[in-house]
Amino acid sequence: MKYFFTGLMMVMLLMTGCSEEEADSITLSTTGTTELYSVTNQSADIKFNATGSWKASCEANWLTVSPKSGEAGNQVITVATTATNRTGSVRVSKVTIESGGTRKTISVKQRGEYAYFDSEELNFPSNGATFNVGFRTNMEGNQLQLYASVGLDEWIKAIESDARTRTDYTGTLKPLRVLPNESINARDGALFLVMEDKAGNKLGLDTLFIYQEGRDPGYVSGDYSADGKVELLNEATEGKGIPIVLMGDGFIDQEIADSTYARVMQQAMDNLFSEEPIRSLRNYFNVYQVTAVSPRNRFDGISSTALGTIPDRQTMGIEVNMDAVMKYVKKVENIDSVNTLAVVILNTNISRGVTYMMGSDKKDYNYAVALCPVIDSLKSETFRQVLTHEAVGHGFAKLADEYVRSTEGSATDADIKRLKEMHEKWAWFMNVDSEKDSTKVIWTQFIYDPEFANEQISTYEGGYTFFKGVYRPTQESMMRSNNAPFNAPSRQAIYNKVMQLGLGKSPSYEEFVAFDQQHKPTVWTYQSQTRSNGWGEWLHPAPPRIIWRP
């Protein structure tokens, strides 16, 4: 009898073990092979249910999976390509999900279409040149498209000849001529090889950057007597007087003397206060103009200009000597530099824009440096929009970009964690969120407030430069493609910052709504725009650069 009991206990233990193993099971909602296009940062979701903790992995070095682990319940992981497939053949990787003793695999396929230029960058002298552009591809002619950044056709012309030549895998565009550059400033643009996915979305396969030098001005400033001169352009009549310091770079002494500098600074200030709500809050700001005399008015090296700005055509950003900027900020007597917005206007009409934002885990920095050229022309709408986006959106209100970049795929766990820290610690980037649920997103009050119904506020996927994993409040806005006003969450961030810095108070939601009802944009419309403007669809401006200080 004793032996029978022992044997029965062993059977029961074995049965119990099997039951626990089965409990840690995985049920796939996504089945079959997941297909991704051949370019970098193409992503797809894999959905499953796990009854226990789980982990995920992939075998290929051209593919990532995120998150890599989690707890029981309905789950979604995102797979994304990390490299462009130029092998000409489809390649496949296995993604494995494990939970307890259960293992499930899914095949992820990256398509093999490719097209790329023979060069990454072409540089030309100011007197012009004739050149050919070669490319390689395995795609049919009707699958491959060629785009140019806006304005490129004004100084690069196709020479009349036969259509572009093409063999099975190589091709040459029509011969092109670079016209002489009569400006002292360099100019640049880009060509894009493009394909469309099944939904009609354009995918950038490769980019060729084209750069032409400016003519040598043959002049160096000799009169620096105006350097460092401060002028008050706008005086606060309410609050403490929030400081904004305007300065220009690449302006020579002649352009100071003939009032060119003054006209640019005045237009820059008008642009800063052209959108609501900052337009109606102008009386809270002290705006200063500080004169910076540059040796030369061209941007070819750190010693050519007073602030050492150098446009970076690869990133669409601008390098700057931050110490030099602060030196001019401090020309304003007794200025609160920690809470200053510095705005640098470059004396060139190229398309660029970037903002440096100062942050700290220990101290609340509101100092920022926004850089923007006189894009197109002094009175152009593009100059106004980009300056507003950079200086007001990023620099002052600490808003995030709501657009996506072709170089980014899905936000990672680390990206989401950092975004949440921005929200909770500093109230930065309050116009994007990783939460899709309309009842939990940080702008949920706007979604259910009938006062904002015409803005169609919801959770739209794509923002913070990522295609997936981050959501924005509206389809379009000043922080997405610049062709619409600031949306309500962004306006609230601007209003709150003015109240905090100007009056030392933290306004309630109701206080903002009461103000906004009187000062919101009168017309909320979106122009039809595909971002094929001066930025180009795959050549977005650089996102803000955050510098962390102790």
Side-chain angles (χ1 to χ4, degrees), residues 5-37 40-83 90-110 408-425 432-442 444 459-464 466-471:
F5 177 78
T6 304
L8 181 61
M9 289 294 292
M10 291 179 65
V11 171
M12 290 177 66
L13 287 171
L14 287 172
M15 291 176 64
T16 302
C18 290
S19 176
E20 290 177 350
E21 183 174 316
E22 290 173 357
D24 286 332
S25 61
I26 298 169
T27 302
L28 293 174
S29 300
T30 301
T31 59
T33 299
T34 297
E35 183 179 81
L36 300 174
Y37 281 89
T40 304
N41 288 314
Q42 296 297 293
S43 59
D45 292 337
I46 296 174
K47 300 179 181 180
F48 63 94
N49 179 274
T51 57
S53 60
W54 56 271
K55 60 181 180 179
S57 61
C58 60
E59 61 185 15
N61 59 7
W62 50 266
L63 191 70
T64 61
V65 57
S66 178
K68 292 181 170 60
S69 61
E71 301 301 322
N74 291 323
Q75 303 291 337
V76 179
I77 59 175
T78 300
V79 291
T81 56
T82 59
V90 172
R91 54 188 180 185
V92 179
S93 175
K94 296 289 186 183
V95 173
T96 302
I97 305 171
E98 298 180 78
S99 180
T102 305
R103 173 182 294 194
K104 296 290 180 70
T105 61
I106 294 177
S107 294
V108 178
K109 176 174 70 174
Q110 187 182 29
E408 303 288 351
S410 298
T412 65
D413 292 345
D415 296 321
I416 299 303
K417 180 181 179 182
R418 192 57 174 162
L419 179 58
K420 290 185 180 298
E421 288 179 349
M422 296 287 188
H423 291 165
E424 296 167 1
K425 293 184 178 181
V432 294
D433 198 354
S434 60
E435 178 60 63
K436 182 180 181 180
D437 189 333
S438 62
T439 65
K440 298 178 181 178
V441 70
I442 56 177
T444 185
T459 53
Y460 300 87
E461 190 165 26
Y464 197 35
F466 297 101
F467 280 96
K468 288 183 175 291
V470 177
Y471 300 85

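- Look at Glu98 and Arg103 and you find a salt bridge, because one of the NZ, NE, NH1 or NH2 atoms lies within 4.0 Å of a carboxylate O, short of that distance.
- Thr459 places a side-chain N or O within 3.5 Å of a backbone atom of Lys436 that can act as its donor or acceptor partner.
- Listed by chain and residue number, Arg418 satisfy the salt bridge (charged side-chain N to carboxylate O under 4.0 Å, His left out) test with Glu421 (two or more places apart in sequence, or in another chain).
- Between the side chains of Lys94 and Ser107, at least one donor N or O lies within less than 3.5 Å of an accepting N or O.
- Applying the side-chain hydrogen bond (donor to acceptor under 3.5 Å, both in side chains) criterion to Thr105, with sequence neighbours excluded, gives no partner residue.
- Side-chain N or O atoms of Asn74 include none that pairs as donor or acceptor with a backbone N or O of Asn49 at under 3.5 Å.
- For the atom pair CZ (Arg91) and OG1 (Thr81), the distance works out to 8.5 Å, reported to the nearest 0.5 Å.
- Val441 has its side chain out of reach of Tyr471: every pair of non-hydrogen atoms, C-beta onward, lies at least 4.5 Å apart.
- Residues Ser93 and Trp62 have side chains in contact (heavy-atom distance under 4.5 Å, counting atoms from C-beta outward).
- Using a distance-only test at 3.5 Å, with no hydrogens or angles considered, a donor-acceptor pair links the side chain of Thr444 to the main chain of Ser438.
- A donor-acceptor pair under 3.5 Å is formed between the side chain of Thr82 and the backbone N or O of Asn61.
- Distance alone, capped at 3.5 Å, is enough to place a donor-acceptor pair between the Thr30 side chain and the Lys47 backbone.
- Shown here for Asp415 and Tyr464, the closest heavy-atom pair between the two residues is O-CE2, 4.2 Å.
- When atom types are taken as modelled, the side chain of Trp54 and the backbone of Glu71 share a donor-acceptor pair closer than 3.5 angstrom.
- Counting only heavy atoms from C-beta outward, the side chains of His423 and Asp433 approach each other to under 4.5 Å.
- Here the side chains of Cys58 and Thr96 are not in contact, with every heavy-atom distance at 4.5 Å or above.
- Proximity of Val65 to Ile46: side-chain heavy atoms (C-beta onward) are nowhere separated by under 4.5 Å.
- Between the side chain of Ser99 and the main chain of Thr102, no donor-acceptor pair closer than 3.5 Å is present.
- Checking side-chain atoms of Ser434 against main-chain N and O of Gly469 turns up no donor-acceptor pair under 3.5 Å.
- Under the 3.5 Å distance criterion, the side-chain polar atoms of Gln42 are left unmatched by any main-chain donor or acceptor of Val79.
- A donor-acceptor pair is defined here as one N or O able to donate and one able to accept, closer than 3.5 Å; no such pair exists between the side chain of Thr33 and the backbone of Val108.
- Scanning both residues, Ser43 and Lys468, for their nearest heavy atoms gives OG-CD, 3.2 Å.
- We find the NZ-OG1 distance between Lys104 and Thr31 to be 11.0 Å, quoted to the nearest 0.5 Å.
- Counting heavy atoms from C-beta outward, Ile97 and Phe48 have side chains that approach closer than 4.5 Å.
- Residues Ile106 and Leu28 meet the side-chain proximity criterion, which asks for heavy atoms closer than 4.5 Å.
- For the pair Val95 and Leu63, the minimum side-chain heavy-atom distance is below 4.5 Å.
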